There are 2 protein chains.
Amino acid sequence: MTVSVKEVAQRAGVSVGTVSNVLNHPERVSEAARRKVTDAIRDLGFVRNDAARQLRAGRSTTLGLVVLDVRNPFFTDVALGAEDAAAAAGLSVLLGNSDENPERESTYLDLFEEQRVFGVLISPVGDVGERLHRLRERGTPAVLVDRVSADETTSSVSVDDVEGGRVAVEHLIAQGRRRIAYVGGPFAIRQVTDRLEGAQRAIDASPDAALEVLTTHGLTVLEGRRIGEQIAARPAARRPDAVFAANDLLAMGLLQALVMQGRVRVPDDVALIGFDDIDFMTAAVVPISSVRQPSRLIGETAVRLLLAESEDPSVERQRIEFTPELVARASTGVVAEDQRNSGA
Amino acid sequence: MTVSVKEVAQRAGVSVGTVSNVLNHPERVSEAARRKVTDAIRDLGFVRNDAARQLRAGRSTTLGLVVLDVRNPFFTDVALGAEDAAAAAGLSVLLGNSDENPERESTYLDLFEEQRVFGVLISPVGDVGERLHRLRERGTPAVLVDRVSADETTSSVSVDDVEGGRVAVEHLIAQGRRRIAYVGGPFAIRQVTDRLEGAQRAIDASPDAALEVLTTHGLTVLEGRRIGEQIAARPAARRPDAVFAANDLLAMGLLQALVMQGRVRVPDDVALIGFDDIDFMTAAVVPISSVRQPSRLIGETAVRLLLAESEDPSVERQRIEFTPELVARASTGVVAEDQRNSGA
DNA sequence: CACCGCATCTGAATCGTTTCAAAGCAACTC
DNA sequence: GAGTTGCTTTGAAACGATTCAGATGCGGTG
């Protein structure tokens, strides 16, 4: 059924070793032999069996990336950055979607480990320190993405979520808002907690501001819509005058629910700010303010750190933390002259 | 470094065959032996080497999915559907992003073939008939996604793009528009051509309507913005009164460019409709009309067909074609009471 | 012409798992 | 007690690519 090196060797009239050399070390092979072998490969339609190759090599040329939610453009952007950087190093990326579910996360890690992937990038749901430790002991390096590493053994690439949260709420306060709601969850996700902490700091710095926390079951448009409906249903006096959503998908859902009911005006009644600054924010009913993360760069950097660690496992671990950037738009009362040029 | 079955066997005091049986056919093994083996596995931290397993088995439990653009929520939804269906069959999905680039597409197909993936799902850029034929000859089944198969040898799951295009433009005409622009490209992508053909049909059915074609280099927000700026820059009399965008990302970009310049009102001056009906459309500045495709279902169905073909390679090929559905919103002058509940 | 160095080629050994024919063993039948 | 049955276990063979120590051949040298 499948053509193997042996058959190629036979057809070309050389040994299997020579075939392998043509494939992997062409400089060691004479012009004539190379010709014969490449011809035979073409004629027979030979395709290298990666499993056999890996078995011998001990490690694959694939790296695994586990994200919290593939539907979130932030993560597809991270994946894109990772893919680029990996491709440049001759690696490819296997993308897993944990859907904020620790079990699925664990399943993907198992899968990656069985595959002896080159390395793992992960945006974890819960605490994976122990897990990554074991992985590394068995020779698979790992890098945390969008989360600061808790110990010295793991590199990480992230954004200062606390600062991001602080900046977001500071901005809301600067716009005159005082009764602020934080929408996010579950709190097992570190980003959710950190952004809240940042929010709290900004509140603490402003004596007359108050923070209310509304918990969601996930960071999705649907959950945002649910909370938005709750807020819209309240009597006007009991509504917050600003909402900081833990990410843009939530913000999107919130906006839909608030505006479409027609009862709440954004930003007049309620200001709104999200987090991530995904491309779609500019095009929202009311362009939504957000806190921008350099998503592609995060992916690229994570791969770079992974490569460094894999080349020299004793290399010092790095915790790279980017500083997020406030992007103010109409949803927080800033008249947006917002022709930003995102993308390439 | 790595623990193998041999070491597990030694530690447990049994043969390697027994270890393998514990892993793969536990019912064949006595309770006592199973205990000893599982204990040894735990103690040693044994993790199966998938490469070796595959080498023996001849085929992996991973399937490859190549999409045109991971950043397009339509494709992540398809991927999600595929992932679900695959997981139910004990398979996992390797996601590749061709970025509408035939070379990248080809690279992913090579990669998948070397990996001896279980099967390939592909939303092709150009003509891959020949390529898939060769793949199948070597034992890897393939299913086309979001594209009708050109021959009898390949199954496909798609949406009737011609009908979708027709419905979209028919709707624009019904809303009183006559000078209609189609925005899309490159035309190597079949969906782009088919949707145009549908548009043309609707135009042909209405003697006083005219169609103008504006070509883009890709189906992205950025390209949409570029064309939108061109349209906005025209004198009002030379503008179309309706735009049909080949997909939602383009529509999003168009909307941004049209509305944000402040010169063109949507839908008053220019009506706008997209294609795919991604989640974000409801939340746009002006909620954008679209043609909905059952994206998750497409992914699930594709996996189903792949499984069928892999079980019995002689099974009859199917071309499943879903009928897309018009979703009218404010961007085409329909007052949207649009609380649709998308997602789970 | 014997010897050397160099470039090239060879093929057995190896990676770790699964499979499967054969063997071992205990219980049971006649 | 010989024979049979059925359950477990064994261990060598196989999967296909890569590696590497040694073989081969060739031109050049003294």
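Chain letters run A, B, ... following the sequence lines, proteins first and then strands; every chain starts at 1. Remember, predicted model here, so these are calculated numbers, not experimental data. We use all heavy atoms of the structure for the numbers below, so side chains are in, but hydrogens, waters and symmetry mates are not.
- The side chain of H25(A) approaches dT19(D) more closely than any other nucleotide in the set dT18(C), dC15(D), dT19(D).
- Contact annotation for V19(A): no contact, since no heavy-atom pair falls under 4.0 Å across all strands.
- Between R53(B) and dT18(C), a side-chain N or O to OP1/OP2 separation shorter than 4.0 Å is present.
- Distance from the side chain of A52(B) is smallest for dG16(C) among the nucleotides dG16(C), dT10(C), dA12(D).
- The side chain of N49(A) sits closest to dA17(D) out of dT10(D), dA17(D), dT8(C).
- With values rounded to the nearest 0.5 angstrom, R53(A) atom CZ is found 7.5 Å from L23(A) atom CG.
- Considering only the side chain of S4(B), dT17(C) comes nearest among dT18(D), dT17(C), dT18(C).
- The side chain of R56(A) lies closest to dC15(C), out of dT17(C), dC15(C), dT18(C).
- Within the nucleic acid shown, T18(A) comes within 4.0 Å of at least one base atom, counting heavy atoms only.
- Using a 4.0 Å heavy-atom criterion, one finds that A33(A) contacts the sugar-phosphate atoms exclusively.
- With salt bridges taken as basic N to acidic carboxylate O contacts below 4.0 Å, one links R34(A) and E31(A).
- A rotation axis mapping the C1' atoms of four pairs onto the next four is fitted at both ends of the helix from dC1(C)-dG30(D) to dC30(C)-dG1(D) over five pairs, and the angle between these axes is 70° to 10 degrees.
- Comparing R116(B) and V16(B) by the nucleotide of DNA chain D whose heavy atom lies nearest to each, the residue mapping closer to the 5' end is V16(B).
- Using a 4.0 Å heavy-atom distance criterion, S20(B) is classed as a base contact.
- A salt bridge links R296(B) with D84(B): the closest approach of a Lys/Arg side-chain nitrogen to an acidic carboxylate oxygen falls below 4.0 angstrom.
- In this structure, R34(B) atom CZ and dT8(D) atom P are separated by 9 Å, rounded to whole Å.
- With V157(A) as the fixed residue, the side-chain contact (heavy atoms from CB on, under 4.5 Å) test singles out one of V145(A), L305(A), L121(A): L305(A).
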